[in-house]
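Model, not experiment: these values are computed from the prediction.
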Amino acid sequence: MKNTIIFSPHCDDVALSLGGAIQNELIERDIFVYDIFSVSNYTIMQQGTGNPEEVTKIRNEEERRVMELLCDDYELWGYPEPL
């Protein structure tokens with residue numbers, strides 16, 4: 001069982017809200033993150049950036065890299081981001 005469980009609404013919220021505290025060890029390092037809204041439905045796409053599925057794939061890969069630095073494990077719940 002993890003010492004710290006974080007429920008994050010979006011893929012960047014853990015890093016933006018708690019990244020400094022985690023890196024400075026103000027939060028126990030035994031962390032599990034649940035990323036709730038990990039499917040991009042409403043995004044501004046520049047020409048050539050693809051469709052929402054491609055944007056979701058890119059964002060989830062970015063999330064994976066950040067979570068490797070911040071926590072022990074994480075799970076993408078796969079809910080679409082709300083309007």
Side-chain angles (χ1 to χ4, degrees):
M1 185 171 190
K2 300 295 181 192
N3 288 331
T4 305
I5 298 173
I6 300 170
F7 292 89
S8 177
H10 300 101
C11 67
D12 58 350
D13 291 326
V14 172
L16 295 174
S17 299
L18 297 171
I22 293 168
Q23 289 295 308
N24 291 319
E25 299 183 11
L26 300 175
I27 295 177
E28 184 73 34
R29 289 295 302 203
D30 190 17
I31 299 171
F32 192 96
V33 174
Y34 291 103
D35 183 343
I36 300 168
F37 302 108
S38 56
V39 175
S40 300
N41 285 334
Y42 307 100
T43 185
I44 298 171
M45 294 178 288
Q46 297 175 352
Q47 188 175 20
T49 58
N51 57 40
E53 292 82 18
E54 290 178 43
V55 173
T56 296
K57 184 177 176 181
I58 291 167
R59 288 178 67 193
N60 289 344
E61 176 58 23
E62 290 172 349
E63 177 81 347
R64 183 192 64 76
R65 291 193 311 260
V66 170
M67 291 298 106
E68 285 180 355
L69 297 172
L70 291 179
C71 68
D72 298 301
D73 203 1
Y74 75 103
E75 181 178 317
L76 301 175
W77 277 9
Y79 287 102
E81 56 189 357
L83 185 58

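Within the 4.5 Å cutoff, no side-chain heavy atoms of Ile58 are placed close to those of Thr56. Looking only at side-chain heavy atoms (C-beta outward), Thr4 and Asp30 stay at 4.5 Å or farther from each other. Counting heavy atoms from C-beta outward, Asp35 and Glu75 have side chains that stay 4.5 Å or more apart. Between Pro9 and Ile36 there is no side-chain heavy-atom pair separated by less than 4.5 Å.
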*Test side-chain contact (heavy atoms from CB on, under 4.5 Å) applied to Ile31 and Ile6, step by step*: CA-CA 7 Å; Ile31 299 171; Ile6 300 170; 3.8 Å; yes

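Note that CG of Asp73 is 10.5 Å distant from CD of Glu68, once rounded to the nearest 0.5 Å. The distance from the CZ atom of Arg65 to the CG atom of Asn60 is 11.5 Å, given to the nearest 0.5 Å. The OG atom of Ser40 sits 12.0 Å away from atom CD of Glu54, with the distance rounded to the nearest 0.5 Å. Of the inter-residue distances, the one linking Tyr74 atom OH with Ser8 atom OG reads 12.0 Å to the nearest 0.5 angstrom.
Residues Val39 and Phe7 fall into different hydrophobic clusters, defined by Ile, Leu, Val, Met, Phe, Trp and Tyr side chains chained together at heavy-atom separations under 4.5 Å.
Scanning both residues, Ser38 and Trp77, for their nearest heavy atoms gives OG-N, 3.9 Å.
Using bins of under 30°, 30° to 60° and over 60° for the plane-to-plane angle, the ring pair Tyr34/Phe32 lands in the tilted bin.
Contacts of Glu61 classified as side chain to side chain donor-acceptor pair (under 3.5 Å), with partners at least two apart in sequence or in another chain: Arg64.
A salt bridge links Glu81 with Arg59: at least one charged nitrogen is closer than 4.0 Å to a carboxylate oxygen.
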Distance-only donor-acceptor hits, side chain of residues 12-23, under 3.5 Å, sequence neighbours excluded:
residue	atom	partner	partner atom	Å
Asp13	OD2	His10	N	3.1
Asp13	OD2	His10	ND1	3.3
Ser17	OG	Asp13	O	3.1
Gln23	NE2	Leu69	O	3.4

